[in-house]
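I'd like to ask some things about the structure below.
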Amino acid sequence: MGIPGSGLAKGLAVTLRTMTRKSHTAQYPDAQPELPPRTRGVIGLFEENCTVCMLCARECPDWCIYIDSHKETVPPAAPGGRERSRNVLDRFAIDFALCMYCGICIEVCPFDALFWSPEFEYAETDIRELTHERDKLREWMWTVPAPPALDPAAEEPKEIAAARKAADKLAAAEAAAAAEAAGADNDTPGDTPGDTPRGNGAAS
């Protein structure tokens with residue numbers, strides 16, 4: 001059985017030790033906090049990758065993602081081809097008053113159009129102003145941290161390999177076209193080497 005009042009004495013000792021230590025309170029907003037790399041601040045939109053598949057809006061538990069689009073007809077890439085239709089994004093908005101930052105929309109996006117941004121200073125005095133449109137979501141893309149480096153022995157991502165292959169193929173085609181153009185310039189009609197200039201018909 002412990003000594004009566006020993007718990008109180010230990011508590012007071014902890015209080016006295018804490019009172020003598022220097023405070024580590026960060027004076028926000030003068031001192032900005034150091035956030036972890038994977039901080040869930042807000043969601044940034046990379047609009048060029050969005051195909052309006054609506055998967056993020058359908059999987060959102062809070063139904064806080066609003067997407068509007070329309071269809072456009074794309075002319076055929078080659079003569080005789082068929083016209084195609086594609087979805088064009090008109091509106092992409094997220095209501096952060098409803099968002100619970102679960103990250104499901106980012107995980108299910110098949111085309112990497114949504115990313116976590118560490119931005120957190122977006123408080124508003126009116127709750128209706130917490131619905132941010134695609135222009136604001138695109139601004140937050142600039143603060144998305146770079147992904148961690150791959151392991152040196154890891155296989156190159158298929159997307160990068162395909163892009164590099166296409167770039168090499170385009171560079172080879174351009175080099176071949178330039179060489180063909182240079183060869184055509186060298187074949188310009190003119191005096192053949194070794195020909196003797198003819199006079200006006202007078203005998204030498």
Side-chain angles (χ1 to χ4, degrees), residues 23-75 77 84-168 170:
S23 174
H24 294 283
T25 303
Q27 299 300 323
Y28 177 84
D30 297 329
Q32 292 291 325
E34 295 183 4
L35 301 175
R38 294 176 61 84
T39 298
R40 295 190 175 190
V42 289
I43 299 172
L45 171 67
F46 190 51
E47 187 177 332
E48 286 76 7
N49 283 359
C50 182
T51 61
V52 201
C53 66
M54 305 293 292
L55 192 58
C56 56
R58 290 199 301 266
E59 296 295 330
C60 178
D62 293 331
W63 292 85
C64 64
I65 301 177
Y66 311 111
I67 301 176
D68 292 329
S69 66
H70 69 276
K71 287 188 176 293
E72 270 187 5
T73 301
V74 180
R84 296 180 297 109
S85 63
R86 66 183 182 96
N87 292 322
V88 179
L89 185 65
D90 292 327
R91 185 194 184 202
F92 195 109
I94 299 178
D95 187 355
F96 285 98
L98 296 176
C99 179
M100 63 181 185
Y101 305 91
C102 63
I104 292 178
C105 58
I106 297 175
E107 295 295 331
V108 301
C109 180
F111 300 103
D112 291 333
L114 298 174
F115 297 87
W116 280 118
S117 169
E119 293 290 331
F120 63 94
E121 298 176 311
Y122 57 95
E124 300 288 347
T125 56
D126 189 345
I127 193 173
R128 291 171 294 184
E129 299 297 328
L130 285 174
T131 301
H132 293 291
E133 301 292 335
R134 64 178 182 176
D135 294 337
K136 187 64 176 179
L137 301 180
R138 185 178 182 84
E139 289 180 12
W140 283 329
M141 269 301 302
W142 300 110
T143 59
V144 172
L150 295 176
D151 188 278
E155 182 181 354
E156 185 180 42
K158 296 180 180 179
E159 295 83 358
I160 297 179
R164 181 177 290 109
K165 184 177 179 180
D168 293 342
L170 179 61

Determine all donor-acceptor pairs shorter than 3.5 Å in which one atom belongs to a side chain in residues 67-75; sequence neighbours excluded.
from	atom 1	to	atom 2	distance (Å)
H70	ND1	D90	OD1	2.8
H70	ND1	D90	OD2	2.9
K71	NZ	N87	OD1	3.1

### side chain to side chain contact (heavy atoms under 4.5 Å, CB included) partners for P33, two or more places apart
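Partners of P33 by the side chain to side chain contact (heavy atoms under 4.5 Å, CB included) criterion, ordered by chain and then number, come out as Y28, L35, F120.
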### Task
Name all residues meeting the side chain to side chain contact (heavy atoms under 4.5 Å, CB included) criterion together with A161; count only those two or more places apart in sequence or in a different chain, and write none if there are none.
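Per chain and number, A161 pairs via side chain to side chain contact (heavy atoms under 4.5 Å, CB included) with E156.
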### Query
Tell me the side chain to side chain donor-acceptor pair (under 3.5 Å) pairs involving residues 44-57, sequence neighbours left out?
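Listed by first then second residue: E47-R134, E48-R138.
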Listed pairs under 3.5 Å, donor-acceptor, residues 105-117 side chains, sequence neighbours left out:
from	atom 1	to	atom 2	distance (Å)
S117	OG	E119	N	3.4
S117	OG	W140	O	3.4
S117	OG	T143	OG1	2.6

### Query
Going through the checks in order, is the side-chain contact (heavy atoms from CB on, under 4.5 Å) test met by F92 and E133?
CA-CA 6 Å; F92 195 109; E133 301 292 335; over 6 Å; no
### Task
Would you mind listing every ring pair (Phe, Tyr, Trp, His ring centres under 6.0 Å) that reaches into residues 29-51, with sequence neighbours excluded?
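Found none.
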### Query
Do T131 and I94 pass the side-chain contact (heavy atoms from CB on, under 4.5 Å) test, and can you show the C-alpha distance, the side-chain angles, and the key distance before you say yes or no?
CA-CA 6 Å; T131 301; I94 299 178; over 6 Å; no
### Query
Who are the side-chain hydrogen bond (donor to acceptor under 3.5 Å, both in side chains) partners of E139, not counting sequence neighbours?
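E139 satisfies side-chain hydrogen bond (donor to acceptor under 3.5 Å, both in side chains) with no other residue.
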### Query
Can you name the residues that form a side chain to side chain contact (heavy atoms under 4.5 Å, CB included) with D168, not counting sequence neighbours?
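R164.
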With a cut-off of 3.5 Å and sequence neighbours excluded, list every side-chain donor-acceptor pair involving residues 56-63.
from	atom 1	to	atom 2	distance (Å)
R58	NH1	C53	O	3.3
D62	OD2	M100	N	3.4

### Query
With sequence neighbours left out, what residues match D126 under side chain to side chain contact (heavy atoms under 4.5 Å, CB included)?
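Side chain to side chain contact (heavy atoms under 4.5 Å, CB included) check on D126 returns R128, E129.
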### Query
Once you round to the nearest 0.5 Å, how far does CD1 of I43 lie from CZ of R40?
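I43 CD1 to R40 CZ: 9.0 Å, rounded to 0.5 Å.
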### Message
Test of understanding: with side-chain hydrogen bond (donor to acceptor under 3.5 Å, both in side chains), list the residues that count as partners of Y66, not counting sequence neighbours.
### Response
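None.
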